[in-house]
Amino acid sequence: MDLGIKGKSAIVCAASKGLGKGCAAALAREGADVTICARGAEALNATARELAADGANVTPVVCDVTTEAGRKALLAACPNPDILINNAGGPPPGDFKDFTLEDWRKAVEGNMITPIALIHATVYGMMERGFGRIVNITSQSVKAPIPALELSNGARVGLTGAVAVLARRSARSNVTINGILPGPFATDRLRSVNQKAAEARNIPVATIDAERRAAIPAGRFGTPAEFGAVVAFLCSQHAGFITGQNILIDGGGFPGLL
Ligand code: NAD
């Protein structure tokens with residue numbers, strides 16, 4: 001299927017690795033021009049070279065997307081994106097009793113305020129031009145809170161609520177806003193969460209991995225490539241009637257009907 005996004009410009013945040021990289025690769029494969037960012041130059045430039053080797057037009061921007069200066073640099077490189085994929089590193093695990101207000105502010109800044117700022121800066125231009133696709137990478141915790149990730153649970157649900165009305169308002173201008181809720185995907189983030197869980201229980205990380213895989217009906221972790229493919233479809237010309245949705249990709253892990 002031709003997704004109809006050849007030549008569209010896309011910003012993919014936090015895309016040197018993991019889910020962001022999966023999204024950038026899928027959009028680039030469809031012929032979109034991608035502007036990608038991450039804090040570390042080495043991994044970001046390596047990813048940019050990898051994507052460009054397949055013929056894509058890729059602009060890497062080394063920045064921390066959770067800062068105003070970082071977002072300014074990103075938007076300077078791609079001022080009028082047709083596609084925006086919001087993403088950033090997730091907050092650390094821990095226990096409510098140990099979190100400071102500063103921890104909460106950091107989580108909300110990174111995973112709620114940052115995407116809101118980028119949406120605010122880009123959505124009205126998209127509406128004027130009559131095409132836009134915004135995808136917020138959130139978490140399965142929007143459907144069911146994850147005990148070890150309370151900071152993440154709070155910030156993700158905040159973002160989901162914050163854009164729900166706008167996602168309906170923008171639809172008339174062919175601009176959609178959707179959330180994608182990843183379950184467990186095999187990325188550095190998952191490896192570090194599993195490592196911390198292993199340390200807390202004083203057992204090998206391989207045991208945690210095996211337990212987690214066994215709890216997923218698909219019997220495995222997801223891959224960034226399959227995540228990217230779903231996001232690319234949501235960014236396609238064919239997906240203009242899907243907005244304000246929160247789509248779980250978790251190998252069947254969530255037990256509810258809806
Ligand atoms: P990852 O650690 O594999 O990759 C994160 C990417 O983001 C890297 O490229 C990193 O350089 C970049 N990055 C991190 N903070 C940044 C910042 N402030 N500014 C710019 N770039 C930044 O992580 P991932 O697994 O791809 O996770 C992406 C998001 O999805 C995270 O918010 C994570 O919490 C969430 N998530 C992941 C999973 C999973 O199983 N992998 C599940 C649910 C939610």
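Just follow the structure's listing: the first ligand is 1, and inside any ligand the first atom is 1. Residues: numbered from 1 along the sequence shown. Just so you know, these numbers come straight off a predicted model, no measurement behind them.
The closest donor-acceptor contact from the side chain of T35 to the backbone of I11 lies at 3.5 Å or more, if one exists at all. Here the side chain of N136 pairs no donor or acceptor atom with the backbone of P115 at under 3.5 angstrom. Of the possible donor and acceptor atoms, one in the side chain of N178 sits under 3.5 Å from a partner among the backbone N and O of G244. Remark: side-chain polar atoms of R189 are paired, donor with acceptor, to backbone N or O of G90 under 3.5 angstrom. The closest donor-acceptor contact from the side chain of R129 to the backbone of G125 lies under 3.5 Å. In terms of modelled atom types and a separation under 3.5 Å, the side chain of R39 and the main chain of C63 share no donor-acceptor contact.
Note that atom 42 (C) of ligand 1 has protein non-hydrogen atoms nearby, at separations under 4.0 angstrom.
Among all protein heavy atoms, the one lying closest to atom 40 (O) of ligand 1 is F185 N, 2.8 Å. The protein atom (non-hydrogen) at minimum distance from atom 29 (C) of ligand 1 is N87 OD1, 3.1 Å. The shortest contact between atom 36 (N) of ligand 1 and any protein heavy atom is with P182 CG, 3.9 Å. Shortest contact from atom 10 (C) of ligand 1 to any protein heavy atom: S16 OG, 4.0 Å. The protein heavy atom nearest to atom 2 (O) of ligand 1 is R189 N, 3.5 Å. From the protein, the heavy atom lying nearest to atom 12 (C) of ligand 1 is A14 CB, 3.5 Å.
The heavy atom nearest to atom 19 (N) of ligand 1, out of those in V61, V65, T47, is found in V65. The closest non-hydrogen atom to atom 14 (C) of ligand 1, taken over P92, A38, G89, comes from G89.
Remark: distances from the non-hydrogen atoms of R39 to ligand 1 include one below 4.0 Å. At least one heavy atom of R156 sits under 4.0 Å from some atom of ligand 1. Taking 4.0 Å as the cut-off, P184 counts as a neighbour of ligand 1 on heavy-atom distance. Contact annotation: G183 has at least one heavy atom less than 4.0 Å from an atom of ligand 1. For the ligand labelled ligand 1, residue A186 lies outside the 4.0 Å heavy-atom shell.
Near C63, the atoms of ligand 1 lying under 4.0 angstrom from a non-hydrogen atom of the residue are 19 (N), 20 (C). In summary, the atoms of ligand 1 found under 4.0 Å from a heavy atom of D64, numbered by their order in the structure, are 17 (C), 18 (N), 19 (N). Every atom of ligand 1 with a heavy atom of L190 under 4.0 Å away is listed here by number and element: 40 (O). Less than 4.0 angstrom separates some heavy atom of G90 from each of these atoms of ligand 1: 31 (C), 32 (O), 34 (O). Interface of T138 with ligand 1, defined as ligand atoms under 4.0 Å from a residue heavy atom, comprises 35 (C), 44 (C). Within ligand 1, the atoms closer than 4.0 Å to a non-hydrogen atom of T187 are 3 (O), 24 (P), 25 (O), 41 (N), numbered from 1 in the order shown. Proximity to A88 (heavy-atom distance under 4.0 Å) selects the following atoms of ligand 1: 29 (C), 31 (C), 32 (O).
Taking CD1 of I180 as the start and CD1 of I137 as the end, the distance is 8.0 Å to the nearest 0.5 Å. Distance CD1/I85 to SG/C13: 8.5 Å, rounded to 0.5 Å. Distance CD1/I249 to CG/L19: 9.0 Å, rounded to 0.5 Å.
Judged purely by distance below 3.5 Å, without hydrogens or angles, the side chains of D33 and S9 never pair a donor atom with an acceptor atom. For the residue pair N174 / R133, a side-chain donor-acceptor distance below 3.5 Å is found, with atom types taken as modelled.
By the neighbour-count criterion of 12 heavy atoms within 6.0 Å, atom CD of E199 is densely surrounded, having more than that number from other residues, nucleotides or ligands.
Relative ring orientation between F233 and H238 is described as parallel, the plane-to-plane angle staying below 30° on a 0-90° scale split at 30° and 60°.
Among the atoms of I137, none of the N or O lies under 3.5 angstrom from an N or O of ligand 1. Among the atoms of C37, none of the N or O lies under 3.5 angstrom from an N or O of ligand 1. The N/O atoms of L19, backbone and side chain alike, include one that comes under 3.5 Å of an N/O atom in ligand 1. The distance criterion of under 3.5 Å between nitrogen or oxygen atoms is not met by Q140 with respect to ligand 1.
With salt bridges taken as basic N to acidic carboxylate O contacts below 4.0 Å, one links D188 and R191. Under a 4.0 Å N-O distance rule, the pair R105/E102 qualifies as a salt bridge.
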